[in-house]
Amino acid sequence: MSLALYNTLTRRKEPFEPIEPGHVRMYVCGPTVYDEPHLGHARAAIAFDVIRRTLEALGMRVTYVRNVTDVDDKIIARAAEGGRSPWEVAEENTRAYDDAMRALGVRPPTLAPRATGHISDMLRLIGVLVERGFAYTAGGDVYFSVERSGGYGRLSNRTLEEMRAGERVEPDARKRHPMDFALWKAAKPGELSWPSEWGEGRPGWHIECSAMSMKYLGETFDIHGGGLDLIFPHHENEVAQSTGATGSGFARFWLHNGFVTVNREKMAKSLKNFVTVREMLGAWPAPALRYLLVSAHYRSPIDFSPEAVEDAAGAWRRLAGFARNAGAALASAGAAVPGAAPALGALLPGARIGTSGTEGGEWRERFAAALEDDVGCPEAIAVLFDLVASANRMIERAESRASELAAALGAFRDLAAVLGLDPGAWDAPRRGGSLAPAVELLLRVREEARAARDFARADEIRSALADSGIVVEDRPGGPRWYLAG
RNA sequence: GGCGGUGUGGCCGAGUGGCUAGGCAAGGGACUGCAAAUCCCUGCACCCCGGUUCAAUUCCGGGCGCCGCCUCCA
């Protein structure tokens, strides 16, 4: 089997092959940094993080570009409210975004270009569009002419007539067609601006993605992604601009992630029903959040609620518990414990899910097949749980060979890593070890109490540790402890 | 109104023309000083109405509900 992806452009699943064999070029619309990231941003970033890891795990090299929109009306407005500069606002929120994504195990893209660093590229592109007759000036503004663009509306599957029928905004008198959109906006006095042959101004929103994607990935590249809400007008306009300027095709596959909803409604600033990543991380373990956002197919909505996160946390505990138990079982059998998958954030292929012939080949094959079908994470997760149940039975039954369990754990780590859910990778950073001597002393005291059948004292110690986030399990071979979460 | 998506057991969430994923929660059992973790067992789901078929949750037609987009939006 080979990889198939759902392409918004054709509204079908299509076999995917990169233009350059073995090398995928992918561009995803990143955040507009006017506020701190909410769960919706996390969902998008994680969706494409998993897509990227999947491509890599299937043996492809991925050049992944995700932009930062750091010039925009909302940033300017936010700056004005706080009496700060737009630069400051953008900088602060870019940092908040990066921190949040790192905490959720989202690997940094290959490149994260900022709009303000590419003004000259945008001006050049606008110049070409004006030259070729796809754009016109009106005052200090430059507009793109949708009527000049062949096939405008193809991506969002609607015609210009249909769009006009649904018009909700008063047409701007300076536009030739109501759907024409700004490539360059004349600066208002005192506003952030750059010089151009059309006067002082700043770029429209859509042109930055055309300029930056083509600069780093070429005129035609493999995958362009973003949230479902960007299909129209943002991506439609990108297509129009880019194909207008180059005369050749733009992105071949368009991938769009579904929303995070609250009470089945889109999470959005305007509805005031959003939850920031920071708030979430304060209340729940990061891997539980990541699990929640990976557990649904990337195109489906995920309805957020405290119960949903609680369920995800439970599922995550089962996965993490398995890695712990299997590791301990192997160690006590004197067998080698498979190493953790590459650390989070490492610019390395997410995993080695190589198929038949390898240890744990059957699970690897099923897992790969799930992801090859339009990145079917729910199915892939089901394989992971099947593996866990099966390997737990090996642990339970003493007659199982250590080599078999080691293969299962190795496969588990490799496969979970494709989803960014390898427990080893999450545990490593916080295994400071500074707690260990104190905890182990308490556990020795507790063992003495248990030996003396002073269970009140033993339970007291256990619950005191629990209050500090340390879970104690009494095993046949003695107590074991770990950090909760 | 146009376009797109979606409707599965208490909840989340795959999938399939008959052999009916997975997780969480729940109940019972094993293990344990008690727990925890783990294992075993249990619950007979597919919006409605027609049609095709030996057989439909799965295919076709119609209807209804919900969600999204229609120049803020991941």
Out of [options], which has the shortest distance to the side chain of [X]?
{"X": "Phe385(A)", "options": "G22(B), A14(B), G33(B)", "result": "G22(B)"}
{"X": "Ala458(A)", "options": "C69(B), C66(B), G33(B)", "result": "G33(B)"}
{"X": "Arg453(A)", "options": "G33(B), C70(B), C67(B)", "result": "G33(B)"}

Under 4.0 Å, heavy atoms only, any strand: does [X] hit a base, just the sugar-phosphate, or nothing?
{"X": "Gly227(A)", "answer": "sugar-phosphate"}
{"X": "Leu230(A)", "answer": "sugar-phosphate"}
{"X": "Ser300(A)", "answer": "sugar-phosphate"}
{"X": "Ala315(A)", "answer": "sugar-phosphate"}
{"X": "Pro378(A)", "answer": "base"}
{"X": "Gly258(A)", "answer": "base"}
{"X": "Val260(A)", "answer": "base"}

In whole Å, what separates the [atom1] atom of [N] from that of [M]?
{"N": "G29(B)", "M": "U16(B)", "atom1": "P", "answer": "39 Å"}
{"N": "G22(B)", "M": "C39(B)", "atom1": "P", "answer": "13 Å"}
{"N": "U58(B)", "M": "G1(B)", "atom1": "P", "answer": "27 Å"}
{"N": "G4(B)", "M": "C59(B)", "atom1": "C1'", "answer": "22 Å"}
{"N": "C24(B)", "M": "C3(B)", "atom1": "C1'", "answer": "36 Å"}
{"N": "C66(B)", "M": "U8(B)", "atom1": "P", "answer": "14 Å"}
{"N": "U20(B)", "M": "G27(B)", "atom1": "C1'", "answer": "23 Å"}
{"N": "U57(B)", "M": "G17(B)", "atom1": "C1'", "answer": "10 Å"}

Salt bridge or not between [X] and [Y]? Use side-chain N to carboxylate O under 4.0 Å.
{"X": "Asp49(A)", "Y": "Arg290(A)", "answer": "yes"}
{"X": "Asp474(A)", "Y": "Arg446(A)", "answer": "yes"}
{"X": "Glu473(A)", "Y": "Arg475(A)", "answer": "yes"}
{"X": "Arg202(A)", "Y": "Asp73(A)", "answer": "yes"}
{"X": "Lys74(A)", "Y": "Glu81(A)", "answer": "no"}

For [X] and [N], give me the distance from atom [atom1] to atom [atom2], rounded to whole Å.
{"X": "Arg158(A)", "N": "G5(B)", "atom1": "CZ", "atom2": "P", "result": "12 Å"}
{"X": "His177(A)", "N": "C70(B)", "atom1": "NE2", "atom2": "P", "result": "17 Å"}
{"X": "Asn157(A)", "N": "C69(B)", "atom1": "CG", "atom2": "C1'", "result": "12 Å"}
{"X": "Asp386(A)", "N": "A21(B)", "atom1": "CG", "atom2": "P", "result": "11 Å"}
{"X": "Glu307(A)", "N": "C12(B)", "atom1": "CD", "atom2": "P", "result": "11 Å"}
{"X": "Met179(A)", "N": "C69(B)", "atom1": "CE", "atom2": "P", "result": "15 Å"}
{"X": "His297(A)", "N": "U6(B)", "atom1": "NE2", "atom2": "C1'", "result": "13 Å"}
{"X": "Leu228(A)", "N": "C72(B)", "atom1": "CG", "atom2": "C1'", "result": "16 Å"}

- Within the distance-only criterion (no hydrogens, no angle test), does the side chain of Asn7(A) pair as donor or acceptor with the backbone N or O of Trp254(A) below 3.5 angstrom? yes

- Can Arg66(A) be said to sit on top of Phe48(A)'s aromatic six-ring, NZ or CZ under 6.0 Å from centre and within 45° of the ring axis? no

- Message: On the six-membered ring of Tyr136(A), is Arg176(A) placed so that its NZ or CZ lies under 6.0 angstrom from the centre and within 45° of the ring axis?
- Response: yes

In Watson-Crick or G-U wobble terms, both distances under 3.5 Å, what is the partner of [N]?
{"N": "A14(B)", "value": "none"}
{"N": "C66(B)", "value": "G5(B)"}
{"N": "A26(B)", "value": "U42(B)"}
{"N": "C31(B)", "value": "none"}
{"N": "G61(B)", "value": "C49(B)"}

- Mark up nucleotides 34-45 of chain B, 5' to 3', with B wherever a protein heavy atom is under 4.0 angstrom from a base atom, S wherever such an atom reaches only the sugar-phosphate, and - elsewhere. BBBSBSS-----

- Message: Please tell me whether Thr32(A) and Asp72(A) have a donor and an acceptor in their side chains that are separated by less than 3.5 angstrom.
- Response: no

- Message: Could you tell me if His38(A) and Thr276(A) have a donor-acceptor pair between their side chains, going purely by distance under 3.5 Å?
- Response: no

- Query: Pick the nucleotide of RNA chain B nearest each of Arg11(A) and Ser295(A); which residue has the one closer to the 5' end?
  - Reply: Arg11(A)

- Message: Between Lys266(A) and C69(B), is there a contact of a side-chain N or O with OP1 or OP2 at under 4.0 Å?
- Response: yes

- Planes under 30° and centres closer than 5.5 Å, is that true for Phe455(A) with the base of G33(B)? yes

